[in-house]
Amino acid sequence: MSDPRIEGLLDGLNPAQREAVTWGDGPLLILAGAGSGKTRVLTHRIAWLIQTERARRDELLAITFTNKAASEMRSRAEMLLGHSARGMWVMTFHSACTRMLRAEATRLGYTRQFTIYDQADARRLVKHSLDAVDADPKRFSPAAVHSQISDAKNRLRNAAEYRSMVGSYFEQTVADAYEVYERELVRNNAMDFDDLLVRTVNLLELFPEVRERYQRVFRHILVDEYQDTNHAQYMLLRLLAGERRNIAVVGDDAQSIYGFRGADIRNILDFERDFKEAHIVRLEQNYRSTQTILSAANAVIAHNRDQMPKDLWTEVGEGDPIKVRVLADEHAEARYVLGEIERLVDEGVSRAEIAVFYRTNAQSRVLEDVLVRAEVPYQVIGGTKFYERAEIKDAMAYLTLLANPQDQVSFTRIANSPRRGIGQTSLSRVLAQAATLGQPVWEVAAGAERVPGLGKAAVTAFGRFMDVMGELRALASGGGPVAELLETTLRRSGYLDWLEAERTFEAQGRIENLEELVGVAREFDASAEQGGLDAFLEQVALVSDADARVDDQGLVTLMTLHNAKGLEYPIVFIIGCEEGIFPHSRSLDEGSLEEERRLCYVGITRAMRDLTFSYARRRSLFGVEHYGLRSRFLDELPVELVDAGDEFVAPAFGGAFAGRASAVSSGSSWAAASAGGSAAAAPSVSYRLGDDVLHAAFGEGVVTGVEPGGIVVVRFARDGSERKLLDSAPMERQ
DNA sequence: CGGCTACTATTTTTT
DNA sequence: ATAGTAGCCG
């Protein structure tokens with residue numbers, strides 16, 4: 001190996017990384033702990049395989065879960081190779097499958113233009129299917145049934161196989177609905193997200209010539225985030241790897257947090273069993289966090305039973321202790337975080353270096369309130385997504401119907417949106433007729449006068465609607481810019497007029513969103529490798545906007561712990577660390593505590609140097625006040641790594657808190673007194689840290705410090721100032 | 001057919 | 001608290 005380019009490729013890699021990059025043929029399992037440079041290893045391995053001529057560019061399949069990961073991998077590989085990665089299959093599972101499926105669609109009874117249904121579309125079709133089998137809507141929610149079906153699909157069980165395994169009456173009905181749902185998807189020339197995987201597996205299993213072709217093409221397969229693969233993805237990989245078994249997977253079982261979506265942690269735990277000759281490389285050196293943070297992460301995850309042994313370490317050094325803070329309620333908690341952010345920013349930290357993680361999206365609200373009031377710039381990642389907004393879905397449904405006239409879900413969505421006098425009854429008649437004749441819904445609607453039972457007004461309404469659609473379709477087939485087609489569609493359909501006529505603040509926002517969508521289309525027209533309506537629809541279907549995160553604009557970042565995976569921030573807050581919130585109560589019911597703990601592990605390992613946990617004694621949930629216990633995860637942190645701060649003030653209502661508080665060490669002399677004394681010996685001061693207070697002159701504030709001699713430090717909401725006051729000041733607790 | 005009220009559910013979600 | 005929806009009434 002004297003080629004200087006290849007030597008250069010290995011420069012700066014540690015021995016384990018180097019081993020992973022240069023492992024030759026056969027299955028390879030890379031156990032990559034958090035922050036151990038797995039993307040680096042993957043991209044270097046891609047470059048190494050190409051430079052050592054083990055594979056040509058177009059003989060590599062590098063699979064990720066997110067578009068962001070795929071584009072990052074692609075561009076980093078390009079940098080290493082010094083040339084474009086065109087022709088290289090670096091993409092998500094779903095894109096790769098879609099690509100294969102489009103090419104072979106007719107073998108499965110689809111056309112190349114098949115529509116990809118997102119969660120919401122799929123759910124509508126499930127609802128339709130439930131109606132079709134006369135399921136009691138009170139007992140069968142589309143969401144629950146869809147999740148059952150999705151589960152079955154992830155396990156590669158079709159409706160017939162699902163039926164053969166049913167036990168309960170519930171499952172019996174699900175089986176009925178599943179059967180209809182399956183049939184309806186084909187009839188609509190549509191696939192849901194799960195189908196993209198399942199159908200590709202079907203394709204490869206049913207057609208040996210297709211399977212062998214792809215097996216020949218892909219000399220080497222690389223898979224990112226292997227711990228998140230489900231059974232269908234596992235089978236897909238097995239089929240593609242074929243006899244050659246040149247499959248390198250990278251993952252960390254400790255970061256498997258998508259079990260609820262069908263990810264099967266056994267895929268990584270059992271890799272050695274499935275690929276007996278597998279070589280294993282462990283990446284345990286962490287380049288991200290302080291040793292304190294890593295030790296905390298190691299200690300927490302050690303409470304899980306099933307896991308692969310690993311021990312993260314770093315050369316970075318000890319770093320600061322992990323802070324744990326208790327506040328009176330979620331508002332005080334938010335103000336505490338705000339206060340810390342302001343303090344840090346004063347010290348010269350960039351807001352972009354700070355992230356706040358929480359378990360559920362709803363928790364961002366309180367935090368946003370205080371950030372807005374304090375005028376701290378921030379961004380929230382996740383939550384309701386751009387492409388999930390009703391107006392965007394409507395606009396996309398118009399375009400989808402133009403491309404796929406069989407798609408009744410899109411048809412149903414827009415038929416009366418804007419209002420054009422097509423009601424539920426008329427719509428059902430048309431859909432029923434389409435089903436009876438086995439014709440595309442478009443055809444039937446275009447000939448509405450031939451639909452039995454349809455009123456005169458309805459026939460006219462359909463006529464007008466389909467005239468416009470026909471016109472738009474002609475425009476669409478011209479192959480012009482998508483942006484133009486979209487604008488014309490919004491105009492001619494009356495959708496924009498409808499919104500404009502509303503003259504509300506909300507409608508204005510919707511119009512702006514649509515303008516943004518036109519902007520997206522314009523950008524697509526200008527830059528897409530492959531243009532056209534079909535390609536645009538596919539991009540929107542498969543490319544979420546989770547990639548909309550910005551790094552360096554001085555914004556504090558707020559997101560769920562799930563969204564935090566793969567990211568890193570110098571300063572991290574994990575809020576809402578209470579039993580029932582995190583770990584979430586549902587996880588306790590469902591016995592998925594270990595997954596919650598892995599989520600905690602993910603959260604901890606995002607932090608580079610500064611990590612703070614917080615929890616509230618009191619929190620209102622769904623409008624009801626609750627008193628929660630601190631999260632068990634906090635008690636799994638080694639005492640010597642924790643700065644328990646003010647925890648000693650906790651014994652407000654007896655046993656539980658007092659017991660825990662005394663178990664936590666702290667440098668404070670008060671803590672020593674509290675721990676040594678009886679639990680009931682609450683401090684005699686009238687204010688405690690985190691208390692919400694109302695001062696006669698300064699207004700609302702939060703207690704940020706309590707000092708001996710009856711001195712209280714209060715940060716006031718009005719101007720963010722922090723003042724030292726005597727506890728006899730004209731002030732009361734709220 | 002469309003609008004209104006009443007009820008309900010309310011985790012996480014790469015695609 | 002709240003948003004989304006189902007069912008009812010004009």
Side-chain angles (χ1 to χ4, degrees), chain A residues 63-70 91-98 116-123 127 137-138 141-144 146-147 150 153-154 191-197 224-225 227-230 232-233 255-263 330 357-363 365-366 381-385 387-388 390 416 418-427 455 457-458 461 538-547 549 559-567 576 580-590 592 595-596 598-600 602-603 619-625:
Chain A
I63 295 213
T64 65
F65 278 84
T66 68
N67 294 294
K68 190 168 143 271
M91 53 182 87
T92 64
F93 270 102
H94 295 262
S95 320
C97 287
T98 302
I116 298 169
Y117 282 169
D118 70 7
Q119 215 71 27
D121 298 328
R123 200 151 286 177
K127 186 179 178 310
K138 291 232 163 59
S141 81
H146 181 229
S147 107
S150 177
K153 287 189 178 187
N154 288 158
M191 298 197 199
D192 63 20
F193 282 140
D194 302 317
D195 281 338
L196 295 177
L197 303 167
D224 192 16
E225 305 277 19
Q227 76 280 353
D228 290 335
T229 50
N230 61 35
Q233 286 159 331
Q255 293 186 65
S256 164
I257 55 175
Y258 284 106
F260 68 95
R261 294 174 89 252
E330 70 270 31
F357 304 150
Y358 35 78
R359 181 61 177 81
T360 67
N361 285 121
Q363 289 171 262
R365 274 249 297 255
V366 183
I381 307 302
T384 308
K385 302 208 176 59
Y387 289 106
E388 287 168 10
N416 204 32
R419 304 258 131 82
R420 50 170 74 90
I422 297 176
Q424 193 53 55
T425 322
S426 313
L427 186 59
E538 178 169 323
Q539 179 187 301
V540 172
L542 294 180
V543 177
S544 85
D545 53 346
D547 322 345
R549 195 175 52 89
M559 67 180 101
T560 61
L561 285 152
H562 282 88
N563 271 315
K565 196 169 74 156
L567 305 176
I581 302 285
F582 184 40
H584 196 276
S585 52
R586 289 273 276 264
S587 76
L588 301 172
D589 299 342
E590 288 166 18
S592 47
E595 183 153 306
E596 295 284 297
R598 291 193 291 269
L599 192 56
C600 186
V602 167
R619 176 182 301 272
S620 63
L621 279 175
F622 311 135
V624 186
E625 295 271 280

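Per chain, numbering begins at 1; letters A, B, ... match sequence-line order.
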Would you mind reading off the distance between [X] atom [atom1] and [N] atom [atom2], rounded to a whole angstrom?
| X | N | atom1 | atom2 | value |
| --- | --- | --- | --- | --- |
| A:Phe622 | B:dT10 | CZ | P | 8 Å |
| A:Leu588 | B:dT11 | CG | C1' | 12 Å |
| A:Gln233 | B:dT15 | CD | C1' | 9 Å |
| A:Glu225 | B:dT13 | CD | P | 15 Å |
| A:Gln539 | B:dT15 | CD | P | 12 Å |
| A:Glu388 | B:dT15 | CD | P | 11 Å |
| A:Lys127 | C:dG4 | NZ | P | 17 Å |
| A:Asn154 | B:dT13 | CG | P | 17 Å |

Choose from [options] the nucleotide whose nearest atom is closest to any side-chain atom of [X].
| X | options | answer |
| --- | --- | --- |
| A:His94 | B:dT15, B:dT11, C:dA1 | B:dT15 |
| A:Leu542 | B:dT13, B:dT15, B:dG3 | B:dT15 |
| A:Thr560 | C:dT2, B:dT10, B:dT12 | B:dT12 |
| A:Thr425 | C:dT2, C:dA6, B:dC1 | B:dC1 |
| A:His562 | B:dT13, B:dT15, B:dC1 | B:dT13 |
| A:Thr92 | B:dG2, B:dT10, B:dT15 | B:dT15 |
| A:Arg359 | C:dA6, B:dT12, B:dG2 | B:dT12 |

Under 4.0 Å between a side-chain N or O of [X] and OP1 or OP2 of [N]?
| X | N | value |
| --- | --- | --- |
| A:Asn416 | B:dC1 | no |
| A:Arg420 | B:dC1 | no |
| A:Asn563 | B:dT12 | no |
| A:Asn361 | B:dT10 | no |

Roughly how far, to the nearest 0.5 Å, is OG of A:Ser150 from CD of A:Gln119?
6.5 Å
OG1 on A:Thr229 to CG on A:Leu197, rounded to 0.5 Å
10.5 Å
For a quick check of understanding: with a heavy-atom distance under 4.0 Å over all strands, which category does [X] fall into, base, sugar-phosphate or nothing?
| X | value |
| --- | --- |
| A:Ser426 | sugar-phosphate |
| A:Ile116 | nothing |
| A:Glu538 | nothing |

May I ask you to decide if [Y]'s main-chain N or O and [X]'s side chain share a donor-acceptor pair within less than 3.5 Å?
| X | Y | answer |
| --- | --- | --- |
| A:Glu596 | A:His584 | yes |
| A:Asp192 | A:Asp118 | no |
| A:Arg123 | A:Pro142 | no |

Are a donor atom and an acceptor atom from the side chains of A:Glu225 and A:Thr64 found within less than 3.5 Å of each other?
no
Contacts of A:Gly421 and A:Gln119 projected onto DNA chain B by closest heavy atom; the upstream (5') one is A:Gly421
Between A:Leu599 and A:Gly423, who's closer to the 5' end of DNA chain B by nearest nucleotide?
A:Gly423
Aromatic ring of [X] stacked on base six-ring of [N], 5.5 Å, 30°:
| X | N | value |
| --- | --- | --- |
| A:His584 | B:dT11 | yes |
| A:Phe260 | B:dT12 | yes |
| A:Phe93 | B:dT15 | no |

Are A:Phe260 and A:His562 close enough that their ring centres sit under 6.0 Å apart?
yes
